[in-house]
Amino acid sequence: MNDLTATSADRADDAKTSLLFSQFTLRDVTFPNRIVLAPMQMYKTAPDGRFTDWHFQHLARFAIGGAGTVMTEGLIVDPVGRNTYGDCGIWNDEQIEPLRKLVDFLHGNGTLAACQLHHAGPKSARQRPWEGLGPLGEAEAAKGESPWQPVSSCDGRSVAGWHQPRGLTPDEIRKLVDAYGAAAARCDKAGFDVLDVHAAHGYLLHSFLSPVANTRADEYGGDLTGRMRFALEVASAIRANWPEAKPIFFRISSVDWRKDLDTRSDGWSIEDSVVLARELKKRGIDVIDCSSGGIRAENSLMDYAKQRRKLTRGHQVPYAEQIRRETPISTMAVGVILDGPQAEAILQAGQADLIAVGREFLTDPHWGLHAAQQLGVDPEWSLWPPSYGWWLSLREKIGIE
């Protein structure tokens with residue numbers, strides 16, 4: 001078991017104030033450092049939505065790579081809400097045990113275990129990204145992956161040519177609220193320490209929040225209060241089924257970035273996010289996970305491509321900063337955070353409380369440990385697993401010509 005908190009007396013004196021490698025406490029849960037592995041859909045075959053050995057090895061390696069908290073990909077709360085046939089689920093009790101195996105491994109390595117609840121809504125019933133990311137069709141049906149009927153806030157498609165979603169009835173919305181609550185209870189049974197709710201990137205909850213997608217005229221549409229209703233009911237249901245001692249995160253698209261030509265709406269704004277964050281705090285949410293975009297695109301990254309926008313370092317950090325400044329809630333920054341010094345600077349500037357790193361961990365599974373060395377908090381390689389660190393430290397002391 002390796003301690004991922006930089007508290008060793010051997011670390012460099014000028015790095016003792018590192019926030020990235022300091023502890024952070026929410027409710028009764030203490031994060032060993034501020035690095036969180038972001039949820040990333042892998043779309044690998046998961047029979048009946050069950051977590052597999054592939055998923056285990058994918059996530060287990062980050063427990064020894066310096067992430068203080070490792071989060072699963074989105075676990076689907078209802079089979080209708082699957083992105084693809086390769087999604088992992090938490091809609092029945094049979095899906096709990098394989099997740100518990102991961103949780104036990106993470107805990108055994110001094111890492112917090114986090115999970116995300118997800119429903120793809122209008123983006124359901126599609127191909128895996130490397131197979132085209134389009135709607136499931138005849139070719140997929142011939143292989144045993146027939147399309148199904150997606151649901152959303154309204155009948156409008158997220159992307160031209162995709163399956164036409166069906167707007168949910170109020171009764172169906174209430175059943176889904178219960179499904180989120182039941183999924184949260186299953187995640188607790190699996191032993192997770194932290195729970196995150198996916199309400200971003202044009203998926204189901206975001207399709208209700210954004211005026212670009214939600215043109216309903218009932219209590220779940222119309223003004224901001226109506227459009228927030230479903231998300232807030234989900235938040236309340238999850239808190240009621242999740243231990244009071246454990247924190248809940250809520251991932252949002254802080255802004256939509258677009259004006260919709262059909263509705264003439266400017267879309268979801270950072271000001272809307274501030275209002276939502278305040279209401280979520282009242283319902284027991286502890287952290288806003290600040291992402292952006294995706295309401296009318298295949299995913300949030302392709303939203304950039306469609307608008308001919310280039311990614312920039314920390315492009316979503318200002319959203320985390322504003323929500324943190326204007327509301328009584330903690331925030332997590334995510335998006336093109338490439339190295340330890342950049343992450344440290346975000347925390348030191350008070351722009352966020354936690355740092356989520358996703359794709360950079362895919363390119364470097366030891367991103368967190370390398371960040372510690374970049375910041376000078378681990379000169380003796382003591383944060384590495386002992387079976388790694390003793391050799392790497394010795395090699396460094398001997399030197400290489």
Side-chain angles (χ1 to χ4, degrees), residues 37-63 67 69-106 111 113-137 139-151 162-163 176 179-180 182-192 194-198 200-205 251 298-299 358-359 361-362 365:
L37 178 77
M40 293 179 284
Q41 300 304 108
M42 292 290 105
Y43 305 106
K44 299 293 290 184
T45 300
D48 301 319
R50 281 177 291 179
F51 199 78
T52 68
D53 287 345
W54 191 95
H55 298 95
F56 178 88
Q57 66 80 31
H58 162 64
L59 293 172
R61 58 182 172 158
F62 303 117
T69 304
V70 169
M71 189 175 292
T72 68
E73 63 187 79
L75 305 177
I76 306 300
V77 302
D78 181 278
V80 172
R82 289 170 294 170
N83 292 274
T84 75
Y85 275 96
D87 287 17
C88 291
I90 193 65
W91 64 76
N92 64 45
D93 289 349
E94 287 70 34
Q95 294 159 337
I96 295 173
E97 189 56 38
L99 291 164
R100 186 180 287 124
K101 177 183 174 183
L102 172 70
V103 170
D104 290 344
F105 180 86
L106 296 178
T111 306
C115 58
Q116 186 184 68
L117 299 185
H118 186 28
H119 190 300
K123 296 187 176 186
S124 299
R126 54 181 177 169
Q127 303 160 335
R128 297 166 182 84
W130 54 89
E131 295 170 346
L133 202 60
L136 293 173
E140 289 77 28
K143 296 185 295 184
E145 295 190 344
S146 298
W148 64 91
Q149 174 65 63
V151 296
W162 281 18
H163 296 298
L176 275 174
Y180 273 98
R186 293 187 189 103
C187 289
D188 180 49
K189 289 180 181 178
F192 286 102
V194 178
L195 188 150
D196 183 83
V197 184
H198 200 334
H201 303 165
Y203 295 119
L204 183 64
L205 292 175
R251 168 165 281 203
E298 291 84 347
N299 57 40
R359 271 70 191 183
F361 259 115
L362 297 184

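For reference, positions follow the sequence shown, starting with 1.
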**Asked** Between Y85 and R128, is a side chain to side chain contact (heavy atoms under 4.5 Å, CB included) present by the stated rule, with each step listed?
**Response** CA-CA 8 Å; Y85 275 96; R128 297 166 182 84; 3.8 Å; yes

**Steps toward side chain to side chain contact (heavy atoms under 4.5 Å, CB included) verdict (W91, H119)** = CA-CA 11 Å; W91 64 76; H119 190 300; over 6 Å; no

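Atom CZ of R186 and atom CG of L117 lie 10.5 Å apart (nearest 0.5 Å). One finds the CG atom of L99 at 11.5 Å from the CZ atom of R50 (value rounded to the nearest 0.5 Å). Taking CD of E73 as the reference point, atom NE2 of H55 lies at 4.5 Å (rounded to 0.5 Å). Between D87 atom CG and T84 atom OG1 the span is 4.0 Å, to the nearest 0.5 Å. We find the CG-OG1 distance between L106 and T69 to be 9.5 Å, quoted to the nearest 0.5 Å. With rounding to the nearest 0.5 angstrom, the CG atom of L59 is 6.5 Å from the CZ atom of F62.
The cationic group of K101 lies under 6.0 Å from the six-membered ring centre of F56 and within 45° of the ring axis, placing it in a cation-pi geometry.
P122 and W162 make their closest contact through O-CE3, 4.2 Å (heavy atoms, listed as atom of the first residue, atom of the second, distance). Nearest heavy atom pair, residue P365 against residue R61, reads CG-NH1, 3.6 Å. Minimum interatomic distance between C187 and L75 (heavy atoms only, all atoms of both residues): SG-CD1, 4.4 Å. The two residues A46 and C88 have their closest heavy-atom pair at CB-SG, 4.2 Å. Heavy atoms only, all atoms of each residue included: G191 and V103 are closest at O-CG1, 3.4 Å.
Side-chain contact between W54 and M42 is present, with at least one heavy-atom pair separated by less than 4.5 Å. Within the 4.5 Å cutoff, the side chain of L176 has heavy atoms near those of the L204 side chain. Looking at heavy atoms from C-beta onward, P47 lies in side-chain contact with T52 at the 4.5 angstrom threshold. Here the side chains of E94 and D48 are not in contact, with every heavy-atom distance at 4.5 Å or above. A 4.5 Å side-chain heavy-atom check between L133 and Q127 finds every atom pair outside the cut-off. Between P39 and H118, every side-chain heavy-atom pair lies at or beyond the 4.5 Å cut-off.
Judged by distance alone, the side chain of R100 and the main-chain N or O of K189 form a donor-acceptor pair under 3.5 Å. In this structure, the side chain of W148 engages the main chain of V80 through a donor-acceptor pair within 3.5 Å. A donor-acceptor pair is defined here as one N or O able to donate and one able to accept, closer than 3.5 Å; no such pair exists between the side chain of Y203 and the backbone of S124. In this structure, the side chain of H163 engages the main chain of L136 through a donor-acceptor pair within 3.5 Å. Of the possible donor and acceptor atoms, none in the side chain of Q41 sits under 3.5 Å from a partner among the backbone N and O of G86.
Using bins of under 30°, 30° to 60° and over 60° for the plane-to-plane angle, the ring pair H198/H201 lands in the perpendicular bin.
Salt bridge status for D53 with K44: absent, with no side-chain N to carboxylate O gap under 4.0 Å. Salt-bridge formation is not detected for the pair K143/E140: no Lys NZ or Arg NE/NH1/NH2 atom is positioned less than 4.0 Å from an Asp or Glu carboxylate oxygen.
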